[in-house]
Amino acid sequence: MANNDEPIDDGDPMRRVKQRFSDQSKKVAQTKEILSKQAVQTKEKIAKQAVKIAKQAEEHERFINKVTHLCGVLGFGALCFLLGSRPQDTPYVYCLFFFSFVPLRWIYYRFKKWHYYLLDFCYYANTIFLVNLLLYPKNEKLFMVCFSFAEGPLAWALIVWRCSLVFSSADKIVSVLIHLLPGIVFFTIRWWDPVTFEAMHPEGNARASWPYAENKSYLWTWLFVVPLVAYTLWQILYFLIVNVLRRQRLLRDPEVMTSYRELSKKAQKANNMWWRLSGLLGDQNRVFMYILFQAIFTVATMALTVPIFLSYELHVIFQILKVSASIWNGGSFLLEVMPRQVILKEKKRTETQPTIPTPSENTGSVKTATVTMEEIPIEPPITINK
């Protein structure tokens with residue numbers, strides 16, 4: 001009987017296993033393709049919605065500016081009141097601000113093709129601030145790293161890059177608060193928060209400060225060295241994303257703006273010292289020189305956070321300096337820059353406005369009516385401070 005049986009094919013189970021794996025691989029590939037198409041469709045829908053919202057905002061520009069001015073003044077006054085009455089609640093206000101306004105900024109910047117600005121260091125630092133405040137509020141070392149970011153590069157950017165506090169511009173208010181508010185938050189935690197103030201002076205064994213600094217080398221490690229390493233990590237990631245992964249996209253569309261494109265464009269137009277210095281190694285190395293200048297600025301401003309961290313009086317003076325610089329720049333913008341922008345905008349509008357034929361009173365012939373600049377109601381434009 002056994003000799004009459006058909007031989008068993010040992011290859012059948014292996015073929016079935018291979019076929020099963022092949023079918024699963026096809027299903028995975030199909031699922032990936034479907035998810036990829038859905039992601040593209042979702043991205044297109046979001047982009048179209050962003051364009052639609054931005055266009056509607058430009059159509060109602062004058063009314064939006066008035067509402068923005070009202071809300072900006074009231075909000076700034078409320079923040080000052082909160083600092084005096086309940087400074088311990090300032091971190092919650094900052095988190096609410098960030099989660100409310102940064103997504104709206106992405107929508108507006110996506111329409112303007114400025115969305116690569118959201119990869120700048122200030123947004124990287126603000127993300128770390130949120131992690132510290134919401135997830136690790138009692139981590140003293142992370143607090144010191146955030147303190148160095150907030151009172152170092154972000155704070156000095158208000159002065160160096162001339163951020164302007166203009167209450168009629170939502171974008172300028174957000175730009176100022178992204179750089180100003182973190183420093184105020186960490187100032188209140190460092191000196192005014194009842195919880196940290198109590199930690200400085202526990203019963204029985206007085207503590208020198210919160211965070212507790214063992215010695216000067218400890219301070220320099222967590223206020224300078226570690227933040228500098230975190231900054232270097234951001235710089236590497238930024239270079240890989242903007243100058244490597246998205247290089248072709250940026251070359252195809254010169255209207256897409258990045259920080260380097262904007263700064264180099266302004267420097268070239270002005271032919272100032274920075275443009276000449278960035279060209280010392282040739283035009284092909286201007287990006288490298290830009291990275292070098294930014295690194296020098298970061299190192300210098302982070303080093304200054306050590307004396308600010310140790311002195312309450314110096315920290316108070318620095319807060320006043322930051323707020324004063326933002327208000328001064330805002331006044332300069334309103335009195336010097338905005339009038340020129342309004343005139344230029346209205347000039348372009350009159351150039352594109354069609355002429356209207358009207359009958360002459362005396363001859364009955366037709367003549368062309370022109371509109372002068374004085375007859376056009378001037379509306380302040382929405383201005384951008386990147």
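Remember, predicted model here, so these are calculated numbers, not experimental data.
- A salt bridge links Lys322 and Glu151; the closest N-O separation between the charged side-chain nitrogens and carboxylate oxygens is under 4.0 Å.
- Ring planes of Phe318 and Trp156: tilted class, angle from 30 to 60°.
- Using modelled atom types, one finds a donor on one side chain and an acceptor on the other under 3.5 Å when comparing Tyr109 with Asp171.
- You'll find the side chain of Phe98 reaches within 4.5 Å of the side chain of Tyr94, heavy atoms only.
- The aromatic rings of Trp114 and Tyr117 stand perpendicular to each other, their planes meeting at an angle above 60°, with 30° marking the opposite boundary.
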Tyr238/Phe121 under ring-ring contact (aromatic ring centres under 6.0 Å, His included): CA gap, chis, key distance, verdict: CA-CA 9 Å; Tyr238 183 88; Phe121 179 74; over 10 Å; no
Would you list the atom pairs, donor with acceptor, under 3.5 Å between side chains in residues 70-87 and any protein atom, with sequence neighbours excluded?
{"from": "Ser85", "atom 1": "OG", "to": "Phe81", "atom 2": "O", "distance (Å)": "2.9"}
{"from": "Arg86", "atom 1": "NE", "to": "Asp89", "atom 2": "OD2", "distance (Å)": "2.4"}
{"from": "Arg86", "atom 1": "NH2", "to": "Asp89", "atom 2": "OD2", "distance (Å)": "3.4"}

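- In this pair, Trp191 and His315 present their aromatic rings perpendicular. The plane angle is above 60°, beyond the 30 to 60° band.
- For Val174, the side chain to side chain contact (heavy atoms under 4.5 Å, CB included) partners two or more places apart in sequence, or in a different chain, are Phe97, Phe101, Arg105, Ile178.
- Electrostatic pairing of Lys37 and Glu33 counts as a salt bridge here, judged by a charged N lying under 4.0 Å from a carboxylate O.
- The hydrophobic cluster containing Ile308 also contains Val225, counting ILVMFWY residues as joined when their side-chain heavy atoms lie under 4.5 angstrom apart, directly or transitively.
- With a 6.0 Å cutoff to the six-membered ring centre and a 45° limit on the axis angle, Arg190 counts as a cation-pi contact of Phe309.
- For Trp220, the CH2 atom sits in a packed shell: over 12 heavy atoms of surrounding residues, nucleotides or ligands are nearer than 6.0 Å.
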